[in-house]
J.: 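One structure, as structure tokens, below. Some questions next.
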Amino acid sequence: MEILANAWLIPLFPLLAFVIILAFGRRLKESAAIVGILANAASLVIALLVFFERFAKGAGDYLNSSFEWLTIAGHSITMGFEVNQLNAVMLVVVTLVSTMVNIYSKGYMHGDNRLHVFYQYLALFTFSMLGVVLSPNLLQLYIFWELVGVCSFLLIGFYFYKPEARAAAKKAFIVTRIGDVGLFIAIALLYWWVGSFNYSDIFAAVNSGTLLSWQITLVGILVFVAAVGKSGQFPLHTWLPDAMEGPTPVSALIHAATMVAAGVYLVARMFELYLGSDIATNVVAYVGGFTAIFAASIGLTQRDIKRVLAYSTVSQLGYMMLALGAASAAGYISGTFHLMTHAFFKALLFLAAGSVIHAAHTQDIFEMGGLGKKMKTTMIVFLIGCLAISGIFPFAGYWSKEEILVATLASGRIDLFIAAVVAAFFTAFYMFRLFFLTFTGPEKVPQGVQVHESPKVMTYPMIVLAILAVVAGFINTPWKPALGDWMTQGMSFAHGGHESAPFWVTILAVGISLLGIFLSWLMYGKRSISNGNTARAFGPLYTLSYRKYFIDEIYHAIVVVPLRALGKVADLFDRYIIDGLVRLVASFTYGVGAAGSRVQNGQVQGYGAMMLVGLVILLITALVAGGLFVS
Amino acid sequence: MTSVLAVLTFVPLLGVLFLLLMPKSQQNMIRTIGILTTIIPLGLALMLYAGFDSASGDMQFVQQLKWITIPVGQMAMAINFEFGIDGLSMPLVVLTSVVVAMASLVGMKIKDRLKEFYALLLVMEMGMLGVFTSLNLFQFFVFFEFTIIPMFFFMGIWGYVNREKAALKFLIYNGVGSAILLIVFAVIFVNIWTLNFKEITMAFTDPNSPFNIPNTMGYLSENFRLGLFIALLLAFAIKIPIAPFHTWMLAAYKESNAAAIMISSGVLIKIGGYGLIRMNAAFFPEWMDKLGTAIAILGVINILYGAVLALAQNELKLMLAYSSVSHMGIVLLGLAAMNAEGFQGAIFQMVSHGLIAALLFYIIELINERTGTTDIRELGGLAKSMPVLSGVLLTVTMAAIGLPGTSGFVSEFMSYLGLFNAHPIIAAVGALGIILTAVYLLRSILGATFGPIRETHESLIDARSYELVPMVVILGLVIIIGVYPALLSGPMQETLINIVPRIGG
């Protein structure tokens with residue numbers, strides 16, 4: 001049996017779990033967690049088999065697109081699924097992180113009387129996310145793309161009774177939808193320009209010149225707009241930090257490892273189109289590079305542990321976009337490679353943060369401190385996560401981030417290379433700021449709160465992810481780039497030799513990260529530099545970063561307020577001008593009617609006569625209008 | 001099967017007959033008869049769907065019955081009952097039977113003048129089914145009147161404080177609309193001497209028809225056709241409604257009972273879209289084509305104007321009324337596209353919006369009944385006391401927003417898809433509506449169901465079992481169409497191929 005042909009089973013299990021929990025959730029109660037975990041584990045097993053078959057045995061791509069979904073003008077639009085190198089990796093990443101998060105949540109959400117609802121949404125999300133990855137065409141991707149968005153919305157708003165959660169859910173939905181309209185338009189244009197939504201047909205049209213270069217650029221940018229929304233890139237990043245209102249396992253799965261990476265996946269999947277447009281790849285690279293340093297600079301000053309991680313996610317996704325924007329094999333490989341390693345270590349960091357919040361009952365890092373003594377496991381895995389994201393040798397992040405720097409340098413964009421290096425410095429600094437403030441120093445948690453290590457059901461998934469955060473990088477090392485070589489097999493942009501990385505890049509990257517860690521240690525570990533003084537020393541810059549460059553306020557002033565005002569004005573216009581005119585006409589008619597009512601004397605003959613008059617008028621009008629009298 | 005359409009159309013009258021025989025006090029019996037009677041057309045409509053030949057673009061299940069003869073000079077002009085359906089009307093027949101069956105459940109709450117309630121409901125059902133199954137203008141008009149007059153009473157008798165005023169406004173607007181229709185029909189008749197849709201279409205579009213050859217006796221000039229086109233457009237603009245003819249809808253939806261709004265928003269306003277395709281596009285394809293840009297702009301105005309106004313409402317029912325204006329704009333976009341994609345989108349949108357709007361209003365009325373308000377400032381957190389009702393409300397809201405996996409997406413997608421070929425700039429502007437729809441719907445629906453709950457709303461009763469029926473049935477259809485739209489698009493193909501080439505877009 002060829003396992004690739006059965007890849008459709010992978011999303012089927014979470015779908016079944018969703019249906020079961022939807023139907024029997026109230027009776028299942030906490031056993032809903034078991035349903036979710038088993039379904040994800042089953043998907044993980046098949047995803048691993050698929051990956052193994054595709055990677056180790058070198059099976060070819062599999063494409064099945066035979067399901068007739070809709071017919072338009074006799075033309076049928078089909079749906080199906082595909083397996084290729086890129087999505088084989090994604091399948092493993094998604095099912096793996098999802099399984100870990102499902103297990104972890106059993107402990108984290110324990111005691112919540114809506115636990116079954118949580119698992120129901122989680123299952124629907126995993127199904128949809130796998131759908132995004134398996135889609136063989138853009139329309140199908142869009143369908144699942146929107147579904148993951150709505151799952152994200154539901155989970156951000158899981159604590160629906162909190163006004164902040166409601167606001168955050170709404171914001172996430174609307175801001176990402178702004179981006180989605182770009183994809184919507186791109187799909188509509190491709191229908192007319194290419195006549196198909198299938199990736200292969202689109203790329204064929206790019207390569208054959210059927211799509212003109214301005215069309216490639218336009219489609220590329222429109223698709224990228226959707227990726228900007230989903231992956232929290234500037235200027236549509238504002239929803240992602242607010243999304244932290246959701247339960248922490250959700251932040252780990254959706255808002256760190258998988259859904260937010262869907263934007264990166266989309267750009268990678270459409271890579272052959274982007275190669276056809278320099279303008280589009282420049283946009284991708286510059287938006288990504290700018291976001292990487294922009295978000296990192298906000299992360300420096302935030303006080304909420306989850307928000308720091310959220311800005312860090314935004315920044316790391318920026319790195320991935322930056323890599324893809326390099327429009328080279330090295331960029332493609334490093335972008336997707338970083339997507340994978342980031343999924344592991346960022347999910348880990350969020351789960352560890354959840355463990356901390358679970359114990360300390362606060363999210364403010366300045367109210368924590370000294371937690372390491374009582375939470376050894378959490379501290380160690382968090383430290384591993386910090387080292388990985390800071391790109392310290394030999395943790396996973398080191399390999400992928402260095403590749404990105406090399407690819408960026410090779411693309412000749414020195415400005416972006418510098419930005420990426422500075423962002424790496426920021427990253428190391430704010431991650432270790434989190435680490436030191438949370439786990440070291442004097443204990444600050446109030447007496448009443450019993451700090452304790454989380455149960456095994458929570459720590460084991462973290463340990464699995466921690467192991468991956470250490471070893472995952474070895475799948476693609478400069479001397480044996482197994483993943484990269486395999487990923488680009490058969491791709492039009494594949495090239496034989498490997499990009500030779502100048503050794504100074506490694507020294508620079510690791511050095512600057514170590515510097516960041518050192519500075520962080522001085523300020524928050526050893527505390528020889530008071531952070532209050534630093535904040536004052538940087539003055540306006542500190543405020544700018546702490547207030548997130550006032551982007552939310554700016555959007556409020558230039559979008560929300562004018563829109564509301566427009567609504568009010570339109571409402572008055574509708575009420576008094578349009579309906580006012582109607583009332584005017586009506587009162588005039590009423591006057592005529594009142595005169596007419598004198599004619600209504602209750603005599604049947606009278607009515608008959610009136611009807612006759614009416615009919616005659618009608619007929620004459622008809623004949624005149626009919627042109628019979630005009631010859 | 002040959003007389004199925006006549007049976008389908010008139011079978012509600014049988015229920016009316018039974019109802020008249022029932023004593024007033026037998027309320028449960030009246031309800032049973034009323035509800036069961038709506039099941040029969042529903043079953044027949046589903047049979048029609050099953051028996052529909054997708055390979056044919058012609059009228060199917062055609063049947064003629066002798067009706068009346070009018071002496072015209074020497075000749076006797078026979079007006080017959082002519083029934084038939086094609087890929088355009090069949091989905092609307094199914095929609096009508098579903099919406100009416102679901103609306104009949106509203107009667108569970110009605111105590112006052114229950115018999116009249118069901119009698120009027122059934123007469124309206126006959127009218128709506130008759131409109132969609134009629135093959136000639138006269139019959140169309142008669143059935144059309146049978147939707148307006150009963151609705152006037154229906155709105156005026158059961159509802160809220162200002163219901164009578166609202167009903168009168170509905171009647172005046174729709175009366176103007178039907179007066180225009182009557183004049184147009186009369187003019188067509190005295191010129192072409194037929195009332196049959198197909199014959200009229202042939203007369204207007206067949207190049208060999210005497211009406212199309214300049215400088216002959218019967219030639220009908222371009223301006224003459226334009227006049228008729230505009231008049232028809234105006235009549236249907238009131239129905240759809242196209243801004244600025246929408247204000248009847250606001251009062252009507254705010255003041256009348258759930259069944260009236262379900263039927264009005266679910267089916268009646270779709271007659272406007274149906275008429276635009278069956279008459280404007282079929283009779284005057286060249287004008288439809290020439291005025292495509294104008295119709296597209298009207299559509300975009302509807303979408304954006306409706307959306308911006310919906311955003312300003314605190315009253316859920318007014319929000320939904322403006323939302324209807326906005327969503328019906330999408331129908332116009334599809335029609336303005338002048339291609340199969342757009343037309344299919346428009347028909348899909350009529351069915352989809354019919355289902356979604358009916359369910360939305362149904363649920364809002366359930367909330368109104370429990371809390372005594374539909375003002376979002378006085379609501380909030382309802383998901384806590386009514387998780388099932390709120391969950392369904394949120395799901396159907398998502399369908400209205402156009403979430404893939406629901407009928408809302410497929411309809412919206414095809415309508416815009418069509419327009420992107422014909423008028424890409426207008427379509428791109430209209431696409432702003434996709435964002436605004438999410439903004440106003442989430443603002444109001446989340447405002448009602450999310451956030452902190454009021455103390456007085458903490459122990460509201462969640463959806464009762466009979467209240468769940470419309471939710472399950474309608475939501476089920478919305479999702480089935482969304483997941484597998486080929487079920488709906490299949491039967492339309494040949495009909496569209498018949499209609500669209502004439503438009504020449």
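Only this structure's heavy atoms are used, side chains among them; waters, hydrogens and symmetry mates stay out. All chains are named by letter (A, B, ...) in the order of the sequence lines, taking the proteins before the strands, and each is independently numbered beginning at 1.
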J.: Under the side chain to side chain contact (heavy atoms under 4.5 Å, CB included) criterion, do A:Arg177 and B:Ile401 qualify, and how do the steps go?
T.: CA-CA 10 Å; A:Arg177 196 165 180 86; B:Ile401 290 176; 3.7 Å; yes

J.: Could you tell me if the side chain of A:Leu70 sits less than 4.5 Å from the side chain of B:Met414, heavy atoms only?
T.: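 Answer yes - side chains close enough.
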
J.: Can you tell me if B:Tyr322 and A:Asp574 form a side-chain donor-acceptor pair at under 3.5 Å?
T.: yes

J.: NZ/A:Lys568 to CG/B:Leu311 distance, rounded to the nearest 0.5 angstrom?
T.: 8.5 Å

J.: Report yes if some heavy atom in the side chain of B:Thr247 is under 4.5 Å from a heavy atom in the side chain of A:Arg575; otherwise report no.
T.: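 No; the side chains remain at least 4.5 Å from each other.
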
J.: With chain A as the partner, which of B:Ala251, B:Ala383, B:Pro424, B:Pro387 has the greatest number of non-hydrogen pairs under 4.5 Å?
T.: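 Among the listed options, the one with the most contacts to chain A is B:Ala383.
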
J.: Quick check for you: among A:Leu154, A:Ile178, A:Asp180, A:Asp571, which has the greatest number of heavy-atom pairs under 4.5 Å with chain B?
T.: A:Asp571

J.: For a 4.5 angstrom cut-off between non-hydrogen side-chain atoms, does A:Asp579 reach B:Leu250?
T.: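 Answer no - side chains too far apart.
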
J.: At what distance, to the nearest 0.5 angstrom, does NE2 of A:His75 lie from CD of B:Glu341?
T.: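 Answer rounded to 0.5 Å: 8.0 Å.
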
J.: What residue, out of B:Ala312, B:Ala340, B:Gly451, has the most heavy-atom pairs lying under 4.5 Å from chain A?
T.: B:Gly451

J.: Report the option among A:Val150, A:Val569, A:Val117 that has the most heavy-atom pairs separated by less than 4.5 Å from atoms of chain B.
T.: A:Val150

J.: Which one, B:Pro452, B:Gly381, B:Gly391, leads in non-hydrogen pairs under 4.5 Å with chain A?
T.: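 It is B:Pro452.
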
J.: Testing the basics here: between A:Trp69 and B:Gly482, what is the closest heavy-atom pair and its distance to 0.1 Å?
T.: CZ2-O, 3.6 Å

J.: Find out whether A:Ile72 and B:Leu417 are in side-chain contact, i.e. whether some heavy atom of one side chain is under 4.5 Å from a heavy atom of the other.
T.: yes

J.: Ring centres of A:Phe67 and B:Tyr484 under 6.0 Å apart?
T.: yes

J.: Report which part of B:Ile453 has an atom under 4.5 Å of a heavy atom belonging to chain A: side chain, backbone, both, or neither.
T.: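 Contact with chain A involves no heavy atom of B:Ile453 at all.
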
J.: Can you tell me which portion of B:Tyr173 sits under 4.5 Å from chain A's heavy atoms? Options are side chain, backbone, both or neither.
T.: side chain

J.: Indicate yes or no: at least one non-hydrogen side-chain atom of A:Phe160 is less than 4.5 angstrom from one of B:Thr449.
T.: no

J.: Around atom CD1 of B:Ile425, are there more than 12 heavy atoms of other residues, nucleotides or ligands at under 6.0 Å?
T.: no

J.: Side chain, backbone, both or neither: which part of B:Leu228 has a heavy atom under 4.5 Å from chain A?
T.: neither

J.: With a 4.5 angstrom heavy-atom cut-off, which part of B:Gln313 approaches chain A: side chain, backbone, both or neither?
T.: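 Side chain of B:Gln313 only, per the 4.5 Å heavy-atom cut-off to chain A.
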
J.: Going by heavy atoms in the side chains, are B:Met492 and A:Thr71 under 4.5 Å from each other?
T.: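 Side-chain contact under 4.5 Å: no.
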
J.: Name the region of B:Val410, side chain, backbone, both or neither, that has any atom closer than 4.5 Å to a heavy atom of chain A.
T.: side chain

J.: Using a cut-off of under 4.5 Å on heavy-atom pairs, state which of A:Phe153, A:Tyr159, A:Tyr142, A:Trp192 scores highest against chain B.
T.: A:Trp192

J.: Give a yes or no on this: more than 12 heavy atoms of other residues, nucleotides or ligands lie within 6.0 Å of atom OH of B:Tyr219.
T.: yes

J.: Below 4.5 Å from any heavy atom of chain A, which atoms of B:Phe420 appear? Answer side chain, backbone, both or neither.
T.: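 Backbone plus side chain of B:Phe420, per the 4.5 Å heavy-atom cut-off to chain A.
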
J.: Can you give me the closest heavy-atom contact between A:Gly567 and B:Val308, atom names plus distance?
T.: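 Of all heavy-atom pairs spanning A:Gly567 and B:Val308, the closest is CA-CG1, 3.6 Å.
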
J.: Which atoms of B:Tyr305 are under 4.5 Å from chain A, going by heavy atoms: the side chain, the backbone, both sets, or neither?
T.: side chain

J.: Should we say atom NZ of B:Lys384 is surrounded by more than 12 heavy atoms from elsewhere, each under 6.0 Å from it?
T.: no

J.: Are the side chains of A:Glu68 and B:Ser489 in touch, meaning some heavy atoms are under 4.5 Å apart?
T.: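 They are not in side-chain contact.
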
J.: Tell me if the aromatic rings of B:Phe413 and A:Tyr191 count as close, with their centers under 6.0 Å from one another.
T.: no

J.: Heavy-atom pairs under 4.5 Å with chain A: which of B:Val483, B:Ile172, B:Ile188 has the most?
T.: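 Max contact count across the listed options: B:Val483.
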
J.: Kindly indicate whether the side chain of A:Ile185, heavy atoms from C-beta on, has any atom under 4.5 Å from the side chain of B:Tyr416.
T.: no

J.: Examine whether an atom of A:Leu139 lies under 4.5 Å from a heavy atom of chain B, and if so say whether it belongs to the side chain, the backbone or both; otherwise answer neither.
T.: side chain

J.: Out of A:Leu189, A:Ile577, A:Leu563, return the one with the most heavy atom pairs under 4.5 angstrom to chain B.
T.: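 Result: the option with the highest number of such pairs is A:Leu563.
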
